[in-house]
Amino acid sequence: MTLDLHRCALEVAPDLLGALVVVRGPEGEVAVRLTEVEAYEGARDPGSHAYRGPTPRTAPMFAPAGRLYVYFTYGMHWCANVVCGPDGTASAVLLRAGEVVTGLELARSRRPAARRDVDLGRGPARLAQALGLTGADSDLVLRRGGRAEVRPPVAAPAEIRTGPRVGVAGPGGDPGEFPWRFWIPGEPTVSTYRPGKARAPRVPGTPGAPRTPGAPRTPDVPGTPARHTGT
DNA sequence: CCGGTGATATCCT
DNA sequence: GGATATCACCGGC
């Protein structure tokens, strides 16, 4: 089975479930089996970093498919994406969670805070840390036998679930329009995030007007509600 | 639940 | 140039 990254993220994302991400470095090799990903569809996707056009940071997303886009967030975390899509587009798939299958000792040493092995790659920043990926790897081209590669699943997962993306504020987080998170049900490495804190009102000094009550709960996502902030 | 932490983008002068 | 708001999050309480 081959894994064609020259397709849009929505098609690639489910095919990445069960795939192996292998990263090699001086200290050795760590490989993870992906259990949770999210699609970002570039220019037409208000949740994507590419939505407002290219910037120095997002340049790798606009480059040809088959490379990494790694960004820094919240002052301390790296998150890794696989750039995909036809040339000239800016699609990418965020690697949200996975199970460490080789290099367990190395992964543990990189993630001393993890108390159980399932926590090594449970969440995008944890996964990147376990793999040893940082901004230095943004724009890195995936190559067989190179520093980083992606191997297609040996067997496709028996079942795949979809739901709204985690932590995407505004229209891009709308569960109805962008159910672009994909995961393998029953996997202990699939991250279950606490709902985020409601955002403070925009205008300082105004008392926080209560949000519309009875907003529809996310339909399709047992046990893992997406954080639903913004607007 | 909360706070840490700093890059990035977007607004301003 | 500077000020401000936002953030594909994590860990510890």
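Computed from heavy atoms alone, side chains included, the values below leave out hydrogens, waters and symmetry copies.
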Colleague: Given atom OH of A/Y69 and atom C1' of C/dA8, what is their separation to the nearest angstrom?
Modeller: 9 Å
Colleague: Is the glycosidic torsion of B/dA7 within 90° of 0, making it syn, or is it anti?
Modeller: anti
Colleague: Let's see if you can work this out: which of C/dC7, B/dA7, B/dT8 has an atom nearest to the side-chain heavy atoms of A/R57?
Modeller: B/dT8
Colleague: Of the nucleotides C/dC10, B/dT5, C/dA8, which one has an atom closest to the side chain of A/M76?
Modeller: B/dT5
Colleague: Would one find a side-chain N or O of A/T55 under 4.0 angstrom from OP1 or OP2 of B/dA9?
Modeller: yes
Colleague: Quick one: is A/R111 getting a side-chain N or O under 4.0 Å of the C/dC10 phosphate, OP1 or OP2?
Modeller: no
Colleague: So if I take every side-chain heavy atom of A/H77 and compare against C/dG11, B/dT8, C/dC10, which nucleotide ends up nearest?
Modeller: C/dC10
Colleague: To the nearest angstrom, how far is A/D119 atom CG from C/dC9 atom P?
Modeller: 16 Å
Colleague: Charged N to carboxylate O under 4.0 angstrom, A/R33 versus A/E99?
Modeller: yes
Colleague: With distance as the sole test, does A/Q129 use its side chain to make a donor-acceptor pair with the main-chain N or O of A/R110 at under 3.5 Å?
Modeller: yes
Colleague: Starting at NE2 of A/H49 and ending at P of C/dT6, how long is that distance when rounded to a whole Å?
Modeller: 15 Å
Colleague: Please classify the nucleic acid contact of A/G47 as base, sugar-phosphate, or nothing, using heavy-atom distances under 4.0 Å.
Modeller: base
Colleague: Relative to the ring of A/W78, is the ring of A/F72 parallel (under 30°), tilted (30 to 60°) or perpendicular (over 60°)?
Modeller: tilted
Colleague: Between the base of B/dT5 and the ring of A/Y74 - centre-to-centre under 5.5 Å, planes within under 30° - is that a stack?
Modeller: no
Colleague: Roughly, in whole Å, what's the span from CZ in A/R96 to C1' in C/dC9?
Modeller: 9 Å
Colleague: Please work out if A/R115 contacts a base, only the sugar-phosphate, or nothing of the nucleic acid, heavy-atom cut-off 4.0 Å.
Modeller: nothing
Colleague: What is the separation between atom CG on A/L120 and atom P on C/dC10, rounded to the nearest whole Å?
Modeller: 13 Å
Colleague: Ignoring hydrogens, what is the shortest heavy-atom contact between A/P179 and A/T162? Give both atom names and the distance.
Modeller: O-CB, 3.9 Å
Colleague: Might you confirm whether atom CZ of A/R143 has over 12 heavy atoms from other residues, nucleotides or ligands at distances under 6.0 Å?
Modeller: no
Colleague: Counting only side-chain heavy atoms from C-beta out, which of C/dG11, C/dC7, C/dC10 sits nearest to A/A125?
Modeller: C/dC10
Colleague: Taking a hydrophobic cluster as the set of Ile, Leu, Val, Met, Phe, Trp and Tyr residues connected by side-chain heavy atoms closer than 4.5 Å, whether directly or through intermediates, do A/L16 and A/L10 fall within one such cluster?
Modeller: yes
Colleague: Check for a donor-acceptor pair, side chain of A/E29 on one end and backbone N or O of A/V22 on the other, with a separation under 3.5 Å.
Modeller: no
Colleague: Expressed in angstrom and rounded to an integer, what is the separation of A/Y40 atom OH from C/dC7 atom C1'?
Modeller: 11 Å
Colleague: Between A/E36 and A/S191, do the side chains contain an N or O donor and an N or O acceptor separated by less than 3.5 Å?
Modeller: yes
Colleague: Take atom CZ of A/R116 and atom P of C/dG11, then tell me their distance rounded to the nearest Å.
Modeller: 12 Å
Colleague: Write out the stems for DNA chain C, ordered by first number and formatted as range with range, counting runs of at least 3 consecutive Watson-Crick or G-U wobble pairs under 3.5 Å.
Modeller: B:1-4 with C:9-12, B:6-12 with C:1-7
Colleague: Can you measure A/E38 atom CD to C/dC9 atom C1' for me and round it to whole angstrom units?
Modeller: 12 Å
